Participant: 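Structure provided below as structure tokens; questions to follow.
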Amino acid sequence: MAKPRTPARMVPVLELIEDIATTDDHDVTILSGEIHLATRGVFETRSRIVHQLVASGIAHNAPANAFARCLGFLAWLGDNPLPGRPTRLCPLPGQSSIYVAERNYLTLSRHQSAWHTNWHLEHSGLTPDFPI
């Protein structure tokens with residue numbers, strides 16, 4: 001009977017992203033959604049900042065503002081999945097709350113080698129440019 005193999009070490013996703021960003025000094029931006037809110041996350045690696053840009057599908061109705069405020073409070077408590085490399089959620093440009101409870105979508109634009117993004121918010125309008 002063959003000896004069972006020891007499973008390979010599972011690399012947490014944040015460590016993998018950090019390796020991609022730092023090994024060759026790459027900028028990394030993650031696009032995500034389906035939480036019915038708009039927000040942005042920041043992950044500080046050893047040498048780079050990784051951005052997570054969150055937008056919801058435009059077909060979804062926005063949740064109640066109270067839901068967004070409760071999630072914002074939980075985000076304020078913070079999380080540190082990798083010691084010494086904090087992750088945090090931040091307000092969108094021009095917004096004061098961490099989560100925006102409006103129907104929204106995200107656009108990415110490039111001018112020469114510079115990228116920026118904007119969130120299009122149903123009631124608040126277009127956010128200022130956010131360089132990535």
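It should be emphasised that the depicted structure is a prediction, and the values quoted were computed from it without experimental measurement. All values below come from the heavy atoms of this structure, side chains included, with hydrogens, waters and symmetry mates left out.
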Participant: I'd like to know whether Glu18 forms a side chain to side chain contact (heavy atoms under 4.5 Å, CB included) with Arg85, so could you lay out the CA-CA distance, the side-chain angles of the two residues, the decisive distance to 0.1 Å, and finally the verdict.
Facilitator: CA-CA 10 Å; Glu18 180 178 47; Arg85 283 135 26 232; 2.7 Å; yes
Participant: Keeping the roles fixed (side chain from Thr45, backbone from Ser47), state whether a donor-acceptor pair exists under 3.5 Å.
Facilitator: yes
Participant: Work out which heavy atom in Ala101 is nearest to a heavy atom in Pro63; give both atom names and the distance.
Facilitator: CB-O, 3.6 Å
Participant: Side chains of His51 and Ile49, heavy atoms from C-beta outward: is any pair under 4.5 Å?
Facilitator: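 The answer is yes; the side chains approach within 4.5 Å.
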Participant: Is there a chain of hydrophobic side chains (I, L, V, M, F, W, Y, each step under 4.5 Å between heavy atoms) that links Leu92 to Val54?
Facilitator: no
Participant: Can you give me the closest heavy-atom contact between Ala75 and Tyr99, atom names plus distance?
Facilitator: CB-CE1, 4.4 Å
Participant: Tell me, do Val50 and Asp27 make a side-chain contact under 4.5 Å, heavy atoms counted?
Facilitator: no
Participant: Please check this pair: side chain of Gln95 against backbone of Val100, looking for a donor-acceptor N/O pair closer than 3.5 Å.
Facilitator: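 No; judged by distance alone, with no hydrogens or angles, the pair does not exist.
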Participant: Hey, what do you get for CG (Leu121) to CG (Leu106), rounding to the nearest 0.5 Å?
Facilitator: 10.0 Å
Participant: Determine all donor-acceptor pairs shorter than 3.5 Å in which one atom belongs to a side chain in residues 35-44; sequence neighbours excluded.
Facilitator:
from, atom 1, to, atom 2, distance (Å)
Thr39, OG1, Ile98, O, 2.7
Arg40, NE, Pro91, O, 2.9
Glu44, OE2, Arg88, NH1, 2.4

Participant: Does one hydrophobic cluster hold both Ile30 and Ile20, with members joined at side-chain heavy-atom distances below 4.5 Å?
Facilitator: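 Same cluster.
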Participant: Taking atom CG of Leu89 and atom OG of Ser97, what is their separation to the nearest 0.5 Å?
Facilitator: 12.5 Å
Participant: According to salt bridge (Lys or Arg N to Asp or Glu O under 4.0 Å), who are the partners of Asp24, at least two apart in sequence or on a separate chain?
Facilitator: none
Participant: Mind checking whether Arg103 and Asn61 have side chains closer than 4.5 Å, heavy atoms only?
Facilitator: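 They are in side-chain contact.
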Participant: Look only at the side chain of Asn104 and the backbone of Glu102, and say whether a donor-acceptor pair between them is shorter than 3.5 Å.
Facilitator: yes
Participant: Which donor-acceptor pairs under 3.5 Å do side chains of residues 125-132 form with protein atoms, sequence neighbours excluded?
Facilitator:
from, atom 1, to, atom 2, distance (Å)
Thr127, OG1, Trp119, N, 2.9
Asp129, OD1, His116, NE2, 3.4
Asp129, OD1, Asn118, ND2, 2.9

